[in-house]
Every structure is written in C-alpha cells, then in structure tokens.
Amino acid sequence: MSPADSMIAAPEAGFAAMGLRPEILRAIDEMGYSQPTPIQAEAIPYVLKRTDVIGIAQTGTGKTASFTLPMLDILAAGRARARMPRSLILSPTRELATQTARNFEIYGKYLNLSMALLIGGVGMGDQEKVLEKGVDVLIATPGRLIDWFERGRVLLGGVEVLVIDEADRMFDMGFMPDVERIVSLLLGRKQTLLFSATMPPEVRRLADRFLDHPIEIKVAPPATTAATVEDFIVEAGEDKKKTLAKLIRREGIEKAIIFCNRKREIGGVMRHLQRAGLNARDLHGDLEQHHRQLTLDQFTKGEVDFLVATDVAARGLDVSNMPCVINYDVPLNPDDYVHRIGRTGRAGRKGRAFTMVGPEDRKLLANVERVTQRNIKRLVVGEAGNDVIDDKDPGRDADMARTGRHRLARPSEPVPDADNSSPSPVAAGGRRRRRVETERPAAEPAPVVAASTARQPAKAASPARRDGAKGGRGSQEEKRSESPVLGFGDDVPAFMLQKVPARLRSRNVADESDED
DNA sequence: AAAAAAC
C-alpha cells in the first residue's frame with residue numbers, strides 16, 4: 001500500500017485493519033469502539049502472529065481487550081476437545097477473573113466458542129459440565145485450577161495460548177509456586193502473554209523463564225499512573241476515620257473505593273462511614289464469595305456508594321462510573337498505588353485519588369513517589385480555623401529534606417479558599433474547600449509517550465530489556481523524544497498522553513530473530 | 001507492617 005493509499009484508508013484503519021474476523025469486529029462495533037487504544041494497536045498484531053508478548057500500559061487503557069480480541073480470532077480457527085482447554089487466562093483475584101470472562105462473552109458473542117470460569121468460593125457443578133465437553137477459553141484463579149487438575153477433570157497439555165494477567169502480581173512470592181506448577185503442566189508449544197501496568201525490574205527478570213523470544217511492548221514506562229487521574233496527598237490527623245469522613249464531605253465525593261491495608265480495619269471504617277450517613281460496604285478476602293460478588297455488583301450498579309476494600313479490589317476491576325479512589329492507608333507495595341488509583345480515570349474519563357498519610361506512612365509515601373517518579377500534590381482538609389496542618393513533627397522535615405521532595409505549607413502561609421488558577425476539579429464549583437500545593441522542585445514533566453517496538457528495525461539480537469539490564473526505574477539517562485503513540489498517527493487522544501518524565505522513558509526493541 | 005489464592 002502506498003503512503004497515499006494509507007492516508008485515504010485512514011478512517012478505516014483500526015480494528016478492521018488488524019485482520020480480526022468480522023464476527024469480532026461486529027461485537028467491537030456494538031460496544032461503540034472504533035479505534036484501538038495504543039496498547040491494543042501495538043499488541044494485537046503480535047498476538048495474532050503468535051509471538052510471546054509482554055504488554056505494559058497504564059491502568060484503564062484497554063489491556064484486557066489487547067489479548068481477548070486476538071485470542072478470540074486465533075481460537076475461532078479450531079475446535080476444543082474434552083477436558084482439554086485451548087487457552088488459559090490466569091488472574092490474581094476471583095473478581096478479576098469473572099470480569100475477564102465477561103469480556104470474552106461480550107467480544108465472542110458472534111463466535112461459537114465455549115468458555116469456563118474456574119474460581120474458588122463457588123460451586124463446582126456448573127463448571128464441571130462445560131469443562132467436560134471441552135472449552136476454548138479457560139479463565140481461572142490458581143488455587144481452583146490446581147484443584148480441578150488434581151481431580152483429573154482438566155488437562156492442560158492442549159493449551160495453545162497462556163495469559164498471565166497482572167503478571168507482576170502473579171509472580172510474587174505468594175502466587176509464584178502455583179503459577180510455576182500450572183505452567184509446568186502446559187506441554188509443547190504455547191504462546192505466552194503477560195500484561196500489567198507495573199513490572200518491577202526484579203520481577204521482570206523472573207518472567208523470562210516463561211517466555212520465548214518475547215516482544216516487549218511498553219506504551220508507558222512501568223508504574224506510570226494514568227494521566228487522567230489527579231491525585232492528592234491528605235494529611236491524616238490523629239483520628240483517621242474522622243479525617244476520612246471530613247475529606248468525603250469537603251470534597252463532595254459521592255462515590256469511591258476506599259482502600260485499607262488490612263482486612264481487620266475494614267469493618268470499622270465501613271461502620272464509621274455508615275454512621276456518618278453514607279452508603280458503604282466492605283470487600284475483602286475473608287468474606288464469603290457470594291457477599292463479595294453481590295457487593296461488587298451493587299457498587300457497579302450504583303446501589304452502593306462507598307466500597308471499603310483491601311487490595312483484592314486494587315487490580316483490574318473496571319467499574320465504569322468511578323469518580324474517586326481514596327487510600328485510607330498508603331499501600332505497602334508502591335506499585336499497588338498505581339493499581340489502586342487506576343480504578344478511577346479509566347477509558348479517558350477523569351478521576352481523582354486521595355491518599356491519607358499519617359506519620360507512620362511517610363516512608364511508604366516516599367516509596368510511592370520514587371516508583372511513580374512523581375510528586376503528589378498536598379491537600380489540606382480541615383474545618384474553618386482548623387484547616388492548616390500543625391507541621392511540627394520533626395520526622396517530616398528530616399524526611400522531606402532527605403528525599404528532596406516536599407514541603408508542606410507553613411502554618412503561617414495563607415490558605416486560599418479555592419485555587420482558581422488550577423484546572424483541577426477540586427477547585428471547580430463553589431464548594432468551600434481549601435487546598436495547598438507544595439512547591440514542585442523539578443519542572444512539571446511534559447506529556448511524553450514512550451515509543452514502542454514495532455517500528456524499530458528488528459536488528460537487535462538481544463531482547464529489549466532495558467529495565468532488566470540495569471538502572472531500571474532509577475535510570476536518568478534517557479533522552480526526551482516527542483514520538484507519538486504508535487497506532488494513532490497524529491490523532492492521539494489526549495488522555496493517552498503521559499505524565500512521564502523523559503528520564504523514565506523506555507525504549508523497546510523487537511526481537512524477531514526467529515520470525516519469517 | 002498485608003493480601004490474595006482450594007477445600
């Protein structure tokens with residue numbers, strides 16, 4: 001095709017140009033989508049070519065469809081045998097597995113493929129019949145899948161495509177033994193796809209043992225927060241629950257997920273909100289699966305306004321109307337910050353995220369800011385006359401001096417009623433709010449998007465593992481470039497543009513040495 | 001400092 005042709009054809013480029021089957025295109029069209037997101041534009045062609053893929057892209061930018069759509073296309077060509085699934089998707093939580101299953105249903109509705117969802121906490125009867133007949137798509141959490149395998153009801157030797165969703169989580173110490181065992185049961189040639197918004201270098205190295213000449217696609221550097229989420233730090237007073245209720249009231253928050261680090265904290269926080277007249281529910285792994293599913297459904301439908309949850313809800317969950325995330329605690333694992341706040345600001349929508357920081361959370365916060373390479377704005381929430389934080393904790397100044405990052409407003413500094421110079425939704429509206437931002441030491445990073453592999457010559461012999469090689473997130477030597485998001489030409493939707501410091505940008509090199 | 005994942 002000549003350049004002129006491609007220009008004329010531009011409006012039709014998109015999912016159709018990728019060669020997906022008409023049945024899939026029709027389902028995509030019915031969902032109202034016409035253009036792939038950057039990660040979809042990049043990953044789908046490689047999945048269709050049966051290449052192993054590591055896909056890194058920010059939360060809410062369509063990673064699930066990046067594997068779902070091409071897998072449906074691949075699977076439509078064959079036929080399943082009894083107890084021998086042809087593909088397997090592993091998820092870290094039951095809720096995420098369920099959601100992924102819905103995605104396969106939606107996009108596979110015009111294809112005659114069968115699917116089974118194997119998760120714990122639910123009866124095994126329904127799953128059994130489908131499995132017995134043979135499934136094209138098996139979606140599972142590790143424990144229940146192993147259970148089925150040990151009962152001899154599922155054989156994994158016929159799996160042609162393996163997806164490890166939220167891969168870095170699946171490779172952590174708690175999950176890795178199960179994942180290794182499951183992967184060891186997949187015999188012969190298979191294609192492996194790993195996806196996440198985060199991928200610490202040390203975890204990335206672990207991934208190598210599962211991959212064969214992978215293409216590494218990074219639409220943004222690992223641990224890049226979604227550009228559509230505006231996040232804030234909130235100084236938590238002695239009474240954290242009170243601060244939470246106050247934050248919700250003063251910021252006019254009508255719906256949010258509230259993340260706590262511990263299960264045992266959740267009931268108390270929920271009840272405090274309920275006593276304050278808010279419609280709140282709990283969600284964590286000690287609750288019955290029926291309760292978990294019901295609560296999540298109600299929250300999704302808008303029948304529940306506040307979900308107080310552990311990190312069981314941190315990854316992957318896609319609730320369409322989710323204006324706000326609140327971290328009642330700073331997450332212990334800094335990458336989880338990216339995932340938690342990524343529950344809002346999805347698919348181009350705006351979102352706000354507030355993180356409550358007590359004295360004991362400062363180190364954790366420093367980790368978050370290091371990993372995300374960002375300085376998060378400070379927000380002061382308080383009643384009139386009582387709204388400036390008493391900043392005499394000696395630990396703070398030492399901390400801040402060491403990290404060279406932040407300084408809270410001094411008590412003597414004036415606190416504006418609203419910051420009208422900011423486009424922030426916090427400042428919008430006549431509500432009585434107070435906000436103070438810290439100085440931002442470095443220049444605000446310009447919107448930059450990481451270039452990706454596809455257009456690079458396939459000359460490099462070594463896989464593109466800049467992160468794994470050395471430096472990783474801490475590297476400072478990358479040069480800034482103005483590359484557009486691949487797959488979008490010049491029409492990059494604004495929401496895809498990244499808040500990424502140039503020094504963090506990753507380059508990728510295709511390793512296609514075994515192709516063609 | 002935790003959570004998740006089978007029964």
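Just so we're on the same page: letters track the sequence lines, and every chain starts at 1.
- Taking the six-membered ring for Trp and the full ring otherwise, the centers of A:Phe210 and A:Phe171 sit less than 6.0 Å from each other.
- Residue A:Ile39 forms a side-chain contact (heavy atoms from CB on, under 4.5 Å) with just one option from A:Ile44, A:Thr64, A:Val219, and that option is A:Val219.
- Rounding to whole angstrom units, CG of residue A:Asp286 and P of B:dA6 are separated by 14 Å.
- To the nearest angstrom, P of B:dA4 lies 4 Å from NZ of A:Lys263.
- One can place CG of A:Asp165 at 15 Å from C1' of B:dA4, the figure rounded to the nearest angstrom.
- In this structure, CG of A:Asp311 is placed 18 Å from P of B:dA1, rounded to the nearest angstrom.
- The aromatic ring centroids of A:Phe195 and A:Phe67 lie less than 6.0 Å from each other.
- Atom P of nucleotide B:dA4 and atom CG of A:Asp172 are separated by 12 Å, given to the nearest angstrom.
- Counting to the nearest Å, the C1' atom of B:dA4 and the CD1 atom of A:Ile266 are 13 Å from each other.
- Protein atom CZ of A:Arg181 is 14 Å distant from nucleotide atom P of B:dA6, rounded to whole Å.
- A parallel orientation is assigned to the rings of A:Phe354 and A:Phe232, their planes being inclined by less than 30° (bins at 30° and 60°).
- At the heavy-atom level, A:Gly174 lies under 4.0 Å from base atoms of the strands shown.
- Within 4.0 Å of A:Leu364, counting heavy atoms only, lies at least one base atom of the nucleic acid.
- Within the structure, every side-chain polar atom (N or O) of A:Arg292 is placed at least 4.0 Å from both OP1 and OP2 of B:dA4.
- Proximity of A:Thr310 to the phosphate of B:dA4: a side-chain N or O atom is located under 4.0 Å from OP1 or OP2.
- At B:dA6, one or more side-chain N or O atoms of A:Arg94 fall inside 4.0 Å of OP1 or OP2 (strictly under the cut-off).
- For A:Leu90 and B:dA4, the CG to P distance is 19 Å, given to the nearest whole Å.
- Residue A:Thr93 places no side-chain N or O under 4.0 Å from the OP1 or OP2 atom of B:dA5.
- As judged by a 4.0 angstrom heavy-atom cut-off over every strand, A:Asn261 is placed among residues touching the sugar-phosphate backbone only.
- Between A:Gln127 and A:Trp148, the side chains place a donor N or O and an acceptor N or O closer than 3.5 Å (distance only, hydrogens not considered).
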